[in-house]
Amino acid sequence: MPEIRLPDGTVRSFAQPLTGLELAREIGPGLAKAALALRVNGELRDLSTVLDQDAAVAIITNRDPEGLEIIRHSTAHLLAQAVKELFPDVQVTIGPVIENGFYYDFASSKPFTPEDLERISAKMRELIAADLPVRREVWSREEAIARFAAMGEEYKVQIIADIPVDQPITVYHQGDFVDLCRGPHVPRTGVLGAFALRNVAGAYWRGDSRNAMLQRIYGTAWAEQKDLDAYLQQLAEAERRDHRRIGSELELFSIQDEAGGGLVFWHPQGAKIRRVIEDFWRDAHVSGGYDLLFTPHIAHEQLWYTSGHKDFYAESMFEAMEDEGQPYQLKPMNCPFHILVYRSKLRSYRDLPIRWAELGTVYRHEMSGALHGLMRVRGFTQDDAHIFCRPDQIEAEIAGVLALTQKILGTFGFDRYEINLSTRPVQFVGSEEVWQHATSALSAALERAGLAYQIDEGGGAFYGPKIDLKIEDAIGRKWQCSTIQLDFNLPERFGMEYVAEDGSRQRPIMIHRAILGSLERFFGVLIEHYEGKFPFWLAPTQIVVAPISEQQADYAAQVAARLEMMGIRVETDLRSEKIGYKIRAHTLRRVPFMAIVGDREKGGGTVSLRDRDGRELGSFTQDHLGSALQELNRNRQPALQLALEGG
RNA sequence: GCCGUUGUAGCUCAGUCGGUAGAGCAACUGAUUCGUAAUCAGUAGGUCAGAGGUUCGAUUCCCCUCAACGGCACCA
């Protein structure tokens, strides 16, 4: 007779086997109503599971994360049921849970239209209102194959064939709909409801571009309507931050049809920000022990055969161009060029480590469908650097790179990271000993820096282990920008050497690293992170001086000239508009400060200051304002804090 | 590259059941000289993404190309 241990530690004995639902009823009617599924000895099961043995059982409700997953999974099933009822010829395939929702892939001769989505959605609501019971059954393999084949569900037959022989084949019924599924599912369709179908997209069967393209319907589902509303709100927030929208509103950059996709034009306002970023980056590198390089944009095609890029990445490189019978290749990477500089003379162990950094512009032929604003482009500038060192210097060099990375990213307002250490894959170059030594040097450096990281076993490139770092933006999204990669391959291919202490020729270790990644992409991330409201030190226009009327135009120009001399990026707004109009215009442009000057200010040699968040900061003398703004430029703080006293 | 959607003024969009287009904002001109998120009036601005086809006539219908958008695949 089953003894059931509940999560709070209590044990209940029952004279007969009972279902999970009956157990929930025993505990309380409220719980029975909220119950979605069970966890039996750690495994998720349907609520209808018969408990006939002693077990530890937890009742899962929509408050549990697992409950939410089940809701999403069951909503995907409901979607499939609705589609089958409306479009009987469509075949169902798979319908997994994903972050924030689910999708279901259908094999259909005709793609779904947005109107179809509305019909499907309405049908789903009907099925919820019908409150159909969801029943689980176990079928034999032969029976399952025969019955799904009879239903014309060829994809399901394929899926069954791939289920390991020792696993039972389960199906779920709801109404007339039967679907192959591992489960568990909610007990009745009536418990579903807080969902929205989002969009239709093509997706390859089993994620392979050689396979047929299926029609995927994406949806989102939540425990309660308010969670759904909050999620839709969050999507709207991301939409507001879209760097493509803000980029054109603030005249930061453009991508133009006449020039081609994925090629970025930095407009004056964007270019000002880029210059600030680059200046800061260069200063940080020089003081971090790097030397700066400039290298060409093209080189003999042969160089790219030597490096191996022509063999491995030919399809993502622009075609070679010919000049005087010689083929030249636009560069997709900077590293071979840095190697050429290294090889320009004989290097000694005393020269190492060598650290060379370059803001190197590279071109890659990304597939047209991959292009996306600034995030995925065909021409971009990497904040690239290469470190050439001895094996015993790896750990210290990695530690140095990590410190510089934290300093630079932190200055831009990113101090939450997710770090991955990727180790040796199946296919690799170099010896196992070198890999072992290098990998432990990477983890030692991470630990020394006190940085938490995850290990991606076998996730390294064939040429060396790597550390990838993702930053988290203001709304919790993660972006991979920084990467630190060891390379045992290129030094070999280029025959790089240094003369060791004993006079022997040794091969240096090469470290590729980027902190911002691509300036274009990083700029896109910055725009979205700050929603265009850049910190003072980055803002393209830092302050606008606006007179109340023409009477103070000369004074406004004089204030602006003073600030400009102090290194502040200042504009005047001398248009014959009312002050409210100017304030609105520059607030919408996210200019950090406005200095308003009327007769009062002109008389006293001051300005009246307000910030873009609508705070009125009071009266400032020109000198006080100038030095406060200079301080903001120096400290690079994200907040618009000003030393206000004495204003 | 693949599937789908979309492409009208600088921007956001309306419109034409086939008879070559309109609004708001922005721009420009004039008036206004104003105290913390939109002063008023006027002017100009479009090969309706590009090329082809059907038609007496295409921005509208069909085909192709290009681009953007949402995914998939790809991302050294």
Side-chain angles (χ1 to χ4, degrees), chain A residues 98 103 105 108 110-114 116-117 198-218 242 244-245 248-249 251 254-262 304 307-317 332-336 362 364-373 375-378 380 382 461-464 466 480 483 485 487 489-490 512 514 517-518 521 546-553 574-589 594-601 608-618:
Chain A
I98 52 173
Y103 66 77
D105 284 348
S108 170
K110 267 203 311 207
F112 300 109
T113 63
D116 290 338
L117 278 197
R198 302 210 46 235
N199 49 2
V200 194
Y204 299 108
W205 166 237
R206 294 192 158 152
D208 189 327
S209 58
R210 288 167 302 190
N211 288 342
M213 182 151 280
L214 307 173
Q215 297 299 318
R216 175 172 297 178
I217 297 179
Y218 281 94
D242 193 314
R244 294 165 300 188
R245 219 173 62 99
S248 66
E249 277 172 13
E251 300 182 62
S254 66
I255 292 167
Q256 313 218 17
D257 288 8
E258 279 181 88
W304 305 98
S307 69
H309 290 107
K310 221 45 191 179
D311 300 319
F312 294 116
Y313 307 110
E315 77 285 0
S316 22
M317 290 164 69
M333 294 201 92
N334 304 300
C335 29
V362 298
R364 298 180 185 176
H365 183 265
E366 300 288 355
M367 283 196 275
S368 56
L371 301 177
H372 179 90
M375 301 303 186
R376 193 80 179 271
V377 292
R378 287 183 172 154
F380 58 97
Q382 288 182 311
F462 72 90
Y463 51 78
K466 63 172 179 176
Q480 197 210 302
T483 184
Q485 307 196 1
D487 191 337
N489 180 48
L490 284 180
H512 308 255
S518 125
R521 191 176 125 90
I548 298 284
S549 78
E550 259 169 37
Q551 315 308 317
Q552 306 90 25
L574 307 180
R575 295 177 294 179
S576 70
E577 297 287 352
K578 297 212 279 197
I579 199 65
Y581 179 91
K582 297 180 188 179
I583 287 170
R584 177 178 156 79
H586 301 296
T587 303
L588 291 175
R589 291 172 68 211
M594 287 197 69
I596 316 269
V597 294
D599 282 335
R600 280 204 296 278
E601 288 74 20
S608 166
L609 196 67
R610 67 174 273 148
D611 71 14
R612 64 185 163 203
D613 297 316
R615 281 187 291 261
E616 289 189 40
L617 304 172

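Order of the sequence lines sets the chain letters (A, B, ...), proteins ahead of strands, with each chain counted from 1. All heavy atoms count here, side chains included; hydrogens, waters and symmetry mates do not.
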[X] vs [Y] side-chain heavy atoms within contact, under 4.5 Å:
X       : Y       : value
R575(A) : Y581(A) : yes
R589(A) : R612(A) : no
M333(A) : S307(A) : no
F380(A) : V362(A) : yes
C335(A) : L490(A) : yes
Q552(A) : E601(A) : no
D599(A) : I548(A) : no

Under 4.0 Å between any heavy atoms, over every strand shown, what does [X] touch: base, sugar-phosphate, or nothing? Just pick one.
X       : result
A370(A) : base
P547(A) : nothing
I596(A) : base
R216(A) : sugar-phosphate
A203(A) : sugar-phosphate
S316(A) : base
Y204(A) : base
G207(A) : sugar-phosphate
S549(A) : base
Q485(A) : sugar-phosphate
G261(A) : sugar-phosphate
Y103(A) : nothing
H586(A) : nothing
L588(A) : base

May I have the distance from [X] (atom [atom1]) to [N] (atom [atom2]), rounded to whole angstrom?
X       : N       : atom1 : atom2 : answer
R600(A) : rU36(B) : CZ    : C1'   : 11 Å
Q382(A) : rA76(B) : CD    : P     : 11 Å
F312(A) : rC75(B) : CZ    : C1'   : 16 Å
Q551(A) : rG35(B) : CD    : P     : 13 Å
I98(A)  : rG70(B) : CD1   : C1'   : 13 Å
Q256(A) : rC66(B) : CD    : P     : 19 Å
E249(A) : rA26(B) : CD    : P     : 14 Å
D208(A) : rG1(B)  : CG    : P     : 19 Å

Taking the six-membered ring for Trp and the single ring otherwise, decide whether the centroids of F312(A) and Y463(A) are under 6.0 Å apart. no
For salt bridge (charged side-chain N to carboxylate O under 4.0 Å, His left out), just list the numbers for D208(A) and R206(A), CA-CA rounded to whole Å, side-chain angles, deciding distance to a tenth of an Å, and then say yes or no. CA-CA 6 Å; D208(A) 189 327; R206(A) 294 192 158 152; over 6 Å; no
Side chain of R364(A), backbone of S316(A): donor and acceptor closer than 3.5 Å?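 Checking the backbone N and O of S316(A) against the side chain of R364(A), no donor-acceptor pair under 3.5 Å is found.
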Would you say D257(A)'s side chain and G260(A)'s backbone share a donor-acceptor pair under 3.5 angstrom?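 Judged by distance alone, no pair lies under 3.5 Å.
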Taking the side chain of [X] as its heavy atoms from C-beta onward, which of [options] lies nearest to it?
X       : options                   : result
E577(A) : rU39(B), rG1(B), rA37(B)  : rU39(B)
K578(A) : rA37(B), rG35(B), rU39(B) : rU39(B)
D599(A) : rG35(B), rU36(B), rA76(B) : rG35(B)
M367(A) : rC2(B), rG35(B), rC74(B)  : rC74(B)
D257(A) : rA67(B), rU33(B), rU36(B) : rA67(B)
Y218(A) : rG1(B), rG71(B), rG70(B)  : rG71(B)
Q215(A) : rC74(B), rA37(B), rC3(B)  : rC3(B)
M333(A) : rA38(B), rA76(B), rC74(B) : rA76(B)
M213(A) : rC3(B), rU36(B), rA73(B)  : rC3(B)

Determine whether a donor-acceptor pair (one donor, one acceptor, N or O, separation below 3.5 Å) exists between the side chain of [X] and the base of [N].
X       : N       : answer
E550(A) : rU33(B) : yes
E601(A) : rG35(B) : yes
T113(A) : rU5(B)  : no

Pairwise 5' ranking along RNA chain B for S368(A) and R610(A), keeping only the more 5' one: S368(A)
Is the phosphate of [N] approached by [X] (side-chain N or O, under 4.0 Å from OP1 or OP2)?
X       : N       : answer
Y581(A) : rA26(B) : yes
S576(A) : rU32(B) : no
R244(A) : rG70(B) : yes
R615(A) : rA37(B) : no
H372(A) : rA68(B) : no
R376(A) : rC75(B) : no
R198(A) : rG71(B) : no

When rounded to the nearest Å, what value does the distance between [atom1] atoms of [N] and [M] take?
N       : M       : atom1 : value
rU39(B) : rC25(B) : C1'   : 16 Å
rC61(B) : rC48(B) : C1'   : 15 Å
rA44(B) : rC2(B)  : P     : 46 Å
rU6(B)  : rU12(B) : C1'   : 15 Å
rG7(B)  : rU60(B) : P     : 12 Å
rA49(B) : rG71(B) : C1'   : 23 Å

R198(A) charged N/C atom sitting above Y218(A) aromatic ring, 6.0 Å / 45°: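 No, R198(A) and Y218(A) do not form such a contact.
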RNA chain B in dot-bracket, Watson-Crick or G-U pairs under 3.5 Å, [ ] crossing, | other strand? (((((((..((((.....[..)))).(((((.......))))).....((.((..]....)).)))))))))....
